[in-house]
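Note sheet for the following structure.
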Amino acid sequence: MRSKAEQLKAPRGTRDLVGPLQDLFEKIEASGRRAAEAAGYRRISTPIFENAALFVRSVGEETDVVGKEMYLLQDRKGRRLALRPEGTAPVVRAFIERNLASAGLPVRLYYLGPMFRYERPQGGRYRQFHQFGCELFGSSSPAADFEVVGVARRFLEDLGVASHLVLNHLGCPRCKEAFARSLADFAKTISDRLCPDCRRRAERNPLRLLDCKVPDCRDLHSLAPEMELCEACSANAASIKNALREAGIEFSWDSRLVRGLDYYTGVVFEFRSADLGAQDAVLGGGRYDELVEALGGPSTPAVGFAAGIDRLALLLERTSSSPLRPFVVILPMEERQTLAAAELADGLRAAARKELPKHCSDREPVILSALRARRLKTALAEAAEAGARFVVILGENEMARGSVTVKNLDTREQWSVSVEDYSRAGGTNLAHFLREHSVPRKKAEQETISGGKD
RNA sequence: GUGGAUAUAGCUCAACUGGUCAGAGCGCCGGUCUGUGGAACCGGAGGUUGCGGGUUCGAUCCCCGUUAUCCACCCCA
């Protein structure tokens, strides 16, 4: 007989975010929000499913992402919907549909959330994965490209992720089109000597030819025509390089960097990590000046990027993380005080809102009640292990006196604190005491996520 | 979608070529210890060896299927 757990497992390529992994996700998301908002980006949340046609028209019918990786569904009225495989198209759709340009250009938006692609799962690659992305509408200036790369970089730096920046310039639609055509023509002449993948690429996405990893193909491709940028495009590429150099941002230029989504034009870039194996792109983006118009909006230049949160979490897994550290743990001595302990904890949390110092960043202090009585020795050891600062002991003696014993786990001092009018006064007595006796910890110790155990 | 590998306790891993081999460490629970600190020692619970078939007197081990994971390709975050 099969157990329920075996029959109902999470679908392939999906996973539950819980414990340290969830902590990590929140940390990464917080860094994203910080980096984006600091540059004036506002969050947008779009639906998780859209009309399938949106992605066909933007990402491109011939790309793998829409050709074979989309989760397609039909609702009861026969509408063709798709779980979003990427974030840019929905944001552009919303930009047009909500007439966001009316607030005045440029418009800066960021998003955070799950994306879906039907792919063979691998480390750092999931069928439901998560992205943080920024989109900047309304500027064709290299300053906009520079800004977006800068936000991306700040975000990664803030997380402490080591990565290197690679850029390329695909040219304006005219350059890109011409180059693709000449590559395809070239491929045709040597078609019989190319690997099967490259033969397919020649048809569907000639630019990708340059990215082949088969050695023989690479040799052939070295004979391929070079990208020729028009005057405007090469000036654009040059000014971006200059800006990056002047800002002291390290990067490499790779003419083989081609992104798999059709809408890219102009600058494209990736941040790669050496610690990720084959899935080394941790963040990717570029310019998509034609997309807004292609989807029915006013001609509007735009740049953006998307970062893979799951991949970042993979990189940071080693360097984290401790669970929520309690500020106070209430310990009942005997079974019959457990309910009183829970009540005390509840009242203390209410009081703490107003009265306790913000001891750990932007979170409320964590106040726990132990739900069972254990030997004091073990209970104290556990509380100390969990990193609690105070322990409140509630036993026969305390109940008789109408007080509790408060112990500071750092200094080992302890006091008897009266709680007689505790509930009437909204818990001020104990809360006040704790406030008076808590000194701010050093910064490193305040971190609830990145700080290890003492 | 293609090629390859793996699957044993909550976790990390053992078990010579099929024959008491279902184990260890960590974790968890309890005791030594009736109300004061992360220790030590002792004990306990937990597995039809991913699942389903097959070969065999006998399968964790061999074969087939299946599911999941990992690696590479494709592609991408």
Side-chain angles (χ1 to χ4, degrees), chain A residues 1-3 5-15 19 28 59 62-69 85-88 113-133 152 156 163 195-198 200-201 204-205 208 211-214 257-261 264 270-273 276-285 304-315 329 331-334 337 372-388 391 393-398 405-414 453-454:
Chain A
M1 194 172 68
R2 250 182 243 172
S3 71
E6 285 168 307
Q7 291 173 338
L8 298 175
K9 289 191 286 195
R12 176 158 214 219
T14 70
R15 52 190 188 154
I28 294 165
V59 176
E62 292 302 312
T63 60
D64 282 13
V65 168
V66 329
K68 54 182 213 192
E69 294 173 2
E86 63 104 41
T88 298
M115 308 291 162
F116 306 84
R117 286 181 204 172
Y118 187 89
E119 289 185 278
R120 185 111 148 208
Q122 218 172 306
R125 172 144 103 204
Y126 304 92
R127 291 183 171 180
Q128 175 176 338
F129 60 103
H130 302 80
Q131 289 188 332
F132 156 64
L156 295 172
S163 62
C195 70
D197 281 332
C198 277
R200 198 166 37 82
R201 282 191 270 249
R204 302 179 59 179
N205 191 347
R208 287 221 76 87
D211 204 23
C212 187
K213 291 177 183 82
V214 178
L257 172 64
V258 174
R259 319 218 66 252
L261 279 40
Y264 284 115
E270 268 179 25
F271 283 83
R272 296 178 187 158
S273 163
L276 268 181
Q279 270 63 53
D280 65 347
V282 109
L283 183 153
F305 69 81
I309 297 178
D310 305 77
R311 286 183 189 178
L312 290 167
L314 213 53
L315 286 173
V329 180
L331 301 175
M333 288 305 304
E334 287 99 23
Q337 284 107 34
R372 61 172 178 170
R374 311 188 71 185
R375 212 200 321 270
L376 223 213
K377 186 171 187 157
T378 22
L380 279 173
E382 264 179 14
E385 173 72 30
V391 128
I393 300 169
L394 202 53
E396 283 293 283
N397 305 343
E398 285 80 4
T405 300
V406 175
K407 178 168 182 131
N408 182 322
L409 288 175
D410 294 332
T411 65
R412 298 183 181 241
E413 293 170 286
Q414 67 179 48
K453 290 175 183 165
D454 300 348

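Lettering follows sequence order; numbering is per chain, from 1.
Residue-level contact check: A:R201 touches the backbone only, with heavy atoms under 4.0 Å from sugar-phosphate atoms and none from bases. Across all strands, A:F271 comes closer than 4.0 Å to no nucleic acid atom at all (heavy-atom distances). A:A384 comes within 4.0 angstrom of a nucleotide base, judged by non-hydrogen atoms across all strands. Nucleic acid contact for A:R372: sugar-phosphate only, since backbone atoms but no base atoms lie under 4.0 Å from a heavy atom of the residue. In this structure, A:G124 reaches the bases: a heavy-atom distance under 4.0 Å links it to at least one base atom across the strands shown. Among the protein residues, A:R200 comes within range of the sugar-phosphate backbone only, with heavy atoms under 4.0 Å from sugar or phosphate atoms but none that close to a base. A:G87 comes within contact range of no nucleotide atom at all, as no heavy-atom separation falls under 4.0 Å. Nucleic acid contact class of A:L312 (heavy atoms, under 4.0 Å, all strands): none.
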Would you list the protein and nucleotides 33-36 of chain B atom pairs, both N or O, that sit under 3.5 Å from each other?
| unit_1 | atom_1 | unit_2 | atom_2 | d |
| --- | --- | --- | --- | --- |
| B:C33 | O2' | A:R375 | NH1 | 2.3 |
| B:G35 | O6 | A:E396 | N | 3.3 |
| B:G35 | O6 | A:N397 | N | 3.0 |
| B:G35 | O6 | A:N397 | OD1 | 3.4 |
| B:G35 | O6 | A:N397 | ND2 | 3.1 |
| B:G35 | O6 | A:E398 | OE1 | 3.3 |
| B:G35 | N1 | A:E398 | OE1 | 3.0 |
| B:G35 | N1 | A:E398 | OE2 | 3.2 |
| B:G35 | N2 | A:E398 | OE2 | 2.8 |
| B:U36 | O2 | A:K407 | NZ | 2.8 |
| B:U36 | O2 | A:Q414 | OE1 | 3.3 |
| B:U36 | N3 | A:Q414 | OE1 | 2.9 |
| B:U36 | N3 | A:Q414 | NE2 | 3.3 |
| B:U36 | O4 | A:Q414 | NE2 | 3.0 |

Distances under 3.5 Å between protein N/O atoms and the N/O atoms of nucleotides 1-6 of chain B, please, pair by pair.
| unit_1 | atom_1 | unit_2 | atom_2 | d |
| --- | --- | --- | --- | --- |
| B:U2 | O4 | A:R120 | NE | 3.3 |
| B:U2 | O4 | A:R120 | NH1 | 3.3 |
| B:G3 | O6 | A:R120 | NH2 | 2.9 |

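Between the P atoms of B:A72 and B:A14, the separation comes to 22 Å (whole Å). Between the P atoms of B:C64 and B:G3, the separation comes to 15 Å (whole Å).
At whole-Å resolution of the value, CD in A:E382 and P in B:G27 are 12 Å apart. When rounded to the nearest whole Å, the span between CD of A:Q128 and P of B:A77 equals 17 Å. Rounded to an integer number of Å, the gap from A:L331 CG to B:G38 P is 14 Å.
Here the CG atom belonging to A:D64 is positioned 10.0 Å from the CZ atom belonging to A:R117, to the nearest 0.5 angstrom. Rounding to the nearest 0.5 Å gives a distance of 9.5 Å between OG1 of A:T14 and CZ of A:R127.
B:G46 adopts a syn glycosidic conformation, its chi angle falling within 90° of 0.
At a threshold of 4.0 Å, the pair A:K68-A:E119 does not count as salt-bridged, since none of the basic side-chain nitrogens sits closer than that to a carboxylate oxygen.
The nucleotide B:U69 finds its pairing partner in B:A5, both defining distances of the Watson-Crick or G-U wobble pair being shorter than 3.5 Å.
Comparing A:T411 and A:R259 against RNA chain B, the residue whose closest nucleotide sits nearer the 5' end is A:T411. Residue whose closest nucleotide on RNA chain B sits further toward the 5' end, between A:G123 and A:Q279: A:G123.
Listed pair A:R208 / B:C75 meets the phosphate criterion, a side-chain N or O lying under 4.0 Å from OP1 or OP2.
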Let me have the donor-acceptor pairs involving side chains of residues 375-382 of chain A, under 3.5 Å, with sequence neighbours excluded, atom names and distances please.
| unit_1 | atom_1 | unit_2 | atom_2 | d |
| --- | --- | --- | --- | --- |
| A:T378 | OG1 | A:R375 | O | 2.8 |
| A:E382 | OE1 | A:R374 | NH1 | 3.3 |
| A:E382 | OE2 | A:R374 | NH1 | 2.4 |

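Using modelled atom types and a 3.5 Å distance limit, the side chains of A:E398 and A:Q337 yield no donor-acceptor pair.
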